[in-house]
Peer 1: 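Please find one structure pasted underneath; my questions will follow.
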Amino acid sequence: MQYAVGAPLPPPRGQASGPGAAMHWTPNPAGHTPPTSPPAPSAPPPAPAPGQGWHGPAPQQAPPTPHSTELTGHVPLPPGAPVPLPSPPTDAAPDAAHTAVAVLLIGPAGAGKTSVARHWADTRRVPTAHISLDDVREWVRAGFADPQSGWNDHSEAQYRLARRTCGFAARNFLANGISCILDDAVFPDRPVVGLGGWKRHVGPGLLPIVLLPGLEIVLERNARRSGNRRLSDEEVARIHGRMAGWYGSGLPIIDNSQHDVATTVRVLDDVVARSIASPPNW
């Protein structure tokens with residue numbers, strides 16, 4: 001073989017075959033000037049005569065393995081699919097502490113959604129993730145569209161993006177055997193931030209549960225907040241009034257006005273178990 005740049009590579013130690021068979025190559029520690037002209041290339045091997053050589057089919061090379069986009073390190077990830085409706089056991093009451101589920105905890109600001117969801121995820125006996133839409137929405141740093149500054153096309157687009165991201169995460173957690181609980185202030189009278197988007201992004205097996213304490217409790221909890229998570233009393237009262245529309249919707253509602261977080265989590269376990277046995281129509 002002849003190379004376009006530099007001297008030809010020396011043949012392996014030993015006698016070569018074909019033209020130039022008498023040439024031997026011995027490394028010279030003091031340096032050796034290679035020949036100025038490369039040896040003539042060896043003639044191609046003759047074709048086997050009839051009755052000689054390989055008679056079977058030509059060996060097949062394995063096709064190259066395509067690069068998979070569903071790998072994380074060396075762990076293959078199952079494709080995320082919409083969460084199906086849960087199949088309750090028929091011989092015993094469902095055990096919410098062990099069943100892999102996707103729960104959507106709904107409620108106004110100050111209802112305790114994030115605290116309850118985090119505690120529920122921390123204390124379950126199976127792997128469980130907590131996904132807060134507000135946290136995901138605030139992944140955007142520069143250019144964050146704060147809904148408190150006004151609900152417009154920009155803030156709505158970021159909300160939709162955050163909700164779609166949460167849904168993607170939930171489907172992939174469930175596909176890998178990890179339950180999840182999401183929390184969001186979903187309004188019953190506004191389709192843009194309604195249940196339809198969650199059902200579309202997560203699947204029909206999502207279990208929506210409403211957390212709705214009294215207005216005075218919500219105002220008290222909101223007053224302990226800081227930063228952009230704290231709303232004005234007027235805004236809290238307006239949101240709480242709209243959340244009352246969930247009454248009569250058929251969704252389970254937990255009034256945690258008199259419950260601490262641990263007690264609310266126990267109530268949530270009972271509600272999840274009933275929802276698995278008889279999924280709500282929504």
Side-chain angles (χ1 to χ4, degrees), residues 103-124 128-152 154-167 169-170 180-190 192-195 197-198 208-247 251-269 271:
V103 176
L104 174 62
L105 198 58
I106 301 168
K113 300 186 301 297
T114 300
S115 298
V116 171
R118 184 179 294 118
H119 191 76
W120 189 76
D122 285 341
T123 56
R124 297 195 79 222
T128 304
H130 170 222
I131 308 172
S132 173
L133 182 131
D134 283 343
D135 289 346
V136 174
R137 184 166 53 184
E138 291 178 2
W139 287 353
V140 178
R141 307 303 296 174
F144 171 64
D146 191 346
Q148 293 191 48
S149 300
W151 186 265
N152 49 40
H154 194 195
S155 55
E156 180 178 328
Q158 290 190 6
Y159 171 84
R160 290 177 181 271
L161 176 60
R163 183 176 61 187
R164 186 164 62 248
T165 302
C166 291
C180 60
I181 181 168
L182 310 103
D183 69 78
D184 182 26
V186 182
F187 290 96
D189 58 347
R190 191 168 186 178
V192 171
V193 289
L195 281 177
W198 283 109
I209 298 172
V210 182
L211 196 63
L212 190 57
L215 176 59
E216 61 282 352
I217 301 298
V218 170
L219 289 170
E220 178 183 341
R221 292 173 180 169
N222 178 71
R224 295 197 294 264
R225 291 183 165 193
S226 60
N228 65 343
R229 297 291 181 93
R230 180 173 180 174
L231 307 179
S232 66
D233 288 351
E234 294 76 11
E235 183 70 8
V236 170
R238 185 181 66 82
I239 293 175
H240 187 275
R242 294 174 64 181
M243 288 288 174
W246 288 118
Y247 285 103
L251 297 185
I253 298 177
I254 300 175
D255 182 352
N256 59 328
S257 299
Q258 305 300 321
H259 300 331
D260 59 11
V261 172
T263 304
T264 305
V265 165
R266 289 196 295 270
V267 175
L268 179 61
D269 272 331
V271 173

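Predicted, not measured: the structure shown is a model, and the values here were computed from it.
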Peer 1: In chain order, what residues pass the side chain to side chain donor-acceptor pair (under 3.5 Å) check against Arg137, with sequence neighbours excluded?
Peer 2: Asp134

Peer 1: Please assess Val210 against Met243 for the test side chain to side chain contact (heavy atoms under 4.5 Å, CB included), listing each intermediate value before the final yes or no.
Peer 2: CA-CA 9 Å; Val210 182; Met243 288 288 174; 5.7 Å; no

Peer 1: Can you see which heavy atom on Pro213 is nearest to which on His240, and at what distance?
Peer 2: O-NE2, 2.8 Å

Peer 1: Working to the nearest 0.5 angstrom, can you tell me the gap between Leu212 CG and Ile217 CD1?
Peer 2: 12.0 Å

Peer 1: By side chain to side chain contact (heavy atoms under 4.5 Å, CB included), which residues pair with Val267, not counting sequence neighbours?
Peer 2: Ile254, His259, Val271

Peer 1: Among all residues two or more places apart in sequence or in another chain, which pass the salt bridge (charged side-chain N to carboxylate O under 4.0 Å, His left out) test with Arg221?
Peer 2: none

Peer 1: Please name the pair of heavy atoms, one in Ala237 and one in Leu215, separated by the smallest distance, quoted to 0.1 Å.
Peer 2: CA-CD1, 3.8 Å

Peer 1: I'd like to check the side chain to side chain contact (heavy atoms under 4.5 Å, CB included) partners of Ala129; sequence neighbours left out, ordered by chain and number.
Peer 2: Phe173, Ile178, Cys180

Peer 1: Which heavy atom in Cys166 sits nearest to a heavy atom in Val136, and how many Å separate them?
Peer 2: SG-CG2, 3.7 Å

Peer 1: Quick one: which of His154, Gln158, Arg160 gives a side chain to side chain donor-acceptor pair (under 3.5 Å) with Glu156?
Peer 2: Arg160

Peer 1: Any side-chain to backbone donor/acceptor pair from Trp139 onto Ala162? Under 3.5 Å, distance only.
Peer 2: no

Peer 1: Going by side chain to side chain donor-acceptor pair (under 3.5 Å), name the residues that satisfy it together with Arg141, two or more places apart in sequence or in a different chain.
Peer 2: none

Peer 1: Can you list the residues that meet the side chain to side chain donor-acceptor pair (under 3.5 Å) rule with Asp233, with sequence neighbours excluded?
Peer 2: none

Peer 1: Between CG of Asp183 and CH2 of Trp120, what distance do you get to the nearest 0.5 Å?
Peer 2: 12.5 Å

Peer 1: Please table the atom pairs, donor to acceptor, closer than 3.5 Å between any side-chain atom in residues 108-118 and protein atoms at least two apart or in another chain.
Peer 2:
from	atom 1	to	atom 2	distance (Å)
Lys113	NZ	Gly107	O	3.0
Lys113	NZ	Pro108	O	3.1

Peer 1: For the OG1 atom of Thr263 and the CG atom of Leu268, what is their distance to the nearest 0.5 Å?
Peer 2: 12.5 Å

Peer 1: Just to verify, what does Asp122 make a salt bridge (charged side-chain N to carboxylate O under 4.0 Å, His left out) with, not counting sequence neighbours?
Peer 2: none

Peer 1: Could you tell me which residues satisfy side chain to side chain contact (heavy atoms under 4.5 Å, CB included) with Glu235, sequence neighbours excluded, listed by chain and number?
Peer 2: Leu231, Ser232, Arg238, Ile239

Peer 1: Test of understanding: with salt bridge (charged side-chain N to carboxylate O under 4.0 Å, His left out), list the residues that count as partners of Asp135, not counting sequence neighbours.
Peer 2: Arg229

Peer 1: According to side chain to side chain contact (heavy atoms under 4.5 Å, CB included), who are the partners of Ser155, at least two apart in sequence or on a separate chain?
Peer 2: Ala145, Trp151, Asn152

Peer 1: If you look at every heavy atom in Gly194 and Val186, which pair is closest and at what distance?
Peer 2: C-CG1, 3.4 Å

Peer 1: Could you tell me which residues satisfy salt bridge (charged side-chain N to carboxylate O under 4.0 Å, His left out) with Arg190, sequence neighbours excluded, listed by chain and number?
Peer 2: none

Peer 1: To the nearest 0.5 Å, what is the distance between CH2 (Trp198) and CD1 (Ile106)?
Peer 2: 9.5 Å

Peer 1: Could you give the distance from NE2 (His119) to CG (Asp260), rounded to the nearest 0.5 Å?
Peer 2: 8.5 Å

Peer 1: Please round to the nearest 0.5 Å and tell me the distance separating atom CG of Leu182 and atom CG of Leu133.
Peer 2: 8.5 Å

